[in-house]
Amino acid sequence: MKQAVEKRNPSGIGDYAALAMTTWGVGYIPGAPGTYGSAIAVAIYLGISSCVAYCTALLPTSAAGGVITAVIAFSLGAFCLAGILASTKAVPLLGNSDPSEAVVDELMGQFITFLFVPFGLSWPFILAGFLLFRLFDIWKPYPIDDLQILPGGLGICADDIVAGVYAGICLAILYAIYLAL
């Protein structure tokens, strides 16, 4: 549920940084900014997958998985915290309690979706993860829709975080079925 908020103009680098983190440059593009945000997340995921493959080749085999998993988990946690804080700061700048321009939540949800499967998946699984996340983000089954009433950036991001978990579980099931065949 979107509520009007008194809109104000950005003043200072903190406001501009919050808008940049919240919109990722695609939030203002008309049409489907959430889908554009998810597409950016897929591109970043592909870049990270390449880096993981490179780092895995450099680290001893026994250490590679644990180190990479720890770095990714820490990075995602920090990204989610920064995104929630930036979204909270951006609410009065965008003039809405859940602005469509805010796409950082879609990036969070899409990244979470891919946490449920190993890196280096083939394009069909990457596409399935993208489509599953968009499905749950748009459909908003219980309790996803109810999370939007949380205050500030938490209300902007919590529903997409849970949609990412739902999509990730479905993607993991698809991946397990694929491995069983």
Side-chain angles (χ1 to χ4, degrees), residues 1-2 21-27 29 31-53 65 68-88 90 97-150 152-181:
M1 174 189 299
K2 296 181 180 185
M21 174 76 175
T22 304
T23 65
W24 277 78
V26 298
I29 298 173
T35 301
Y36 306 146
S38 292
I40 286 178
V42 169
I44 292 169
Y45 169 80
L46 292 171
I48 291 171
S49 292
S50 297
C51 291
V52 166
I68 291 168
T69 301
V71 168
I72 289 170
F74 176 79
S75 299
L76 180 61
F79 178 75
C80 288
L81 181 60
I84 290 169
L85 294 173
S87 296
T88 299
S97 64
D98 191 6
S100 62
E101 297 90 355
V103 298
V104 69
D105 52 334
E106 274 79 15
L107 275 83
M108 288 178 203
Q110 193 67 70
F111 291 147
I112 289 168
T113 299
F114 291 130
L115 279 180
F116 285 77
V117 291
F119 277 110
L121 290 176
S122 62
W123 274 103
F125 283 104
I126 293 170
L127 180 61
F130 174 80
L131 294 174
L132 283 166
F133 172 69
R134 294 307 302 142
L135 170 73
F136 284 108
D137 186 31
I138 293 166
W139 176 26
K140 298 191 185 304
Y142 182 80
I144 295 172
D145 196 38
D146 294 342
L147 295 173
Q148 296 180 102
I149 64 168
L150 294 170
L154 191 56
I156 292 172
C157 299
D159 62 314
D160 293 272
I161 290 171
V162 175
V165 171
Y166 284 6
I169 291 169
C170 291
L171 186 61
I173 291 168
L174 287 174
Y175 186 68
I177 291 169
Y178 170 77
L179 291 177
L181 296 177

Do [X] and [Y] have side chains that get closer than 4.5 Å, going by heavy atoms?
X: I126; Y: Y45; value: yes
X: V26; Y: P33; value: no
X: F133; Y: E106; value: yes
X: V42; Y: Q110; value: yes

For [X], check side chain to side chain contact (heavy atoms under 4.5 Å, CB included) against everything at least two apart and list the hits.
X: I48; value: I44, V52, F119
X: L150; value: L147, L154, A158
X: I138; value: R134

Minimum-distance pair of heavy atoms, taken over all atoms of [X] and [Y]:
X: V103; Y: G37; answer: CB-CA, 4.1 Å
X: F114; Y: G129; answer: CE2-CA, 4.0 Å
X: S97; Y: I156; answer: O-CG1, 3.4 Å
X: D105; Y: C157; answer: CB-CA, 3.8 Å

Checklist line | Pairs satisfying salt bridge (Lys or Arg N to Asp or Glu O under 4.0 Å), at least one member in residues 166-176, at least two apart | finding: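 For residues 166-176: none.
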
Which pairs would a plain distance check flag for residues 159-175, meaning a side-chain donor or acceptor within less than 3.5 Å of a matching protein atom at least two apart in sequence or in another chain?
residue	atom	partner	partner atom	Å
D159	OD2	K140	NZ	2.9
Y166	OH	Y142	O	2.8

Margin query: Measuring from atom CG of L132 to atom OG1 of T113, what distance do you get when rounded to the nearest 0.5 angstrom?
Written below: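 Taking CG in L132 and OG1 in T113, the distance rounds to 7.5 Å.
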
Using atom types as modelled, flag every donor-acceptor pair under 3.5 Å from a side chain in residues 71-85 to any protein atom, sequence neighbours excluded.
residue	atom	partner	partner atom	Å
S75	OG	V71	O	2.7

Check: Short question: side chain of T88, backbone of G153 - any donor-acceptor pair under 3.5 Å?
Finding: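 Present.
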
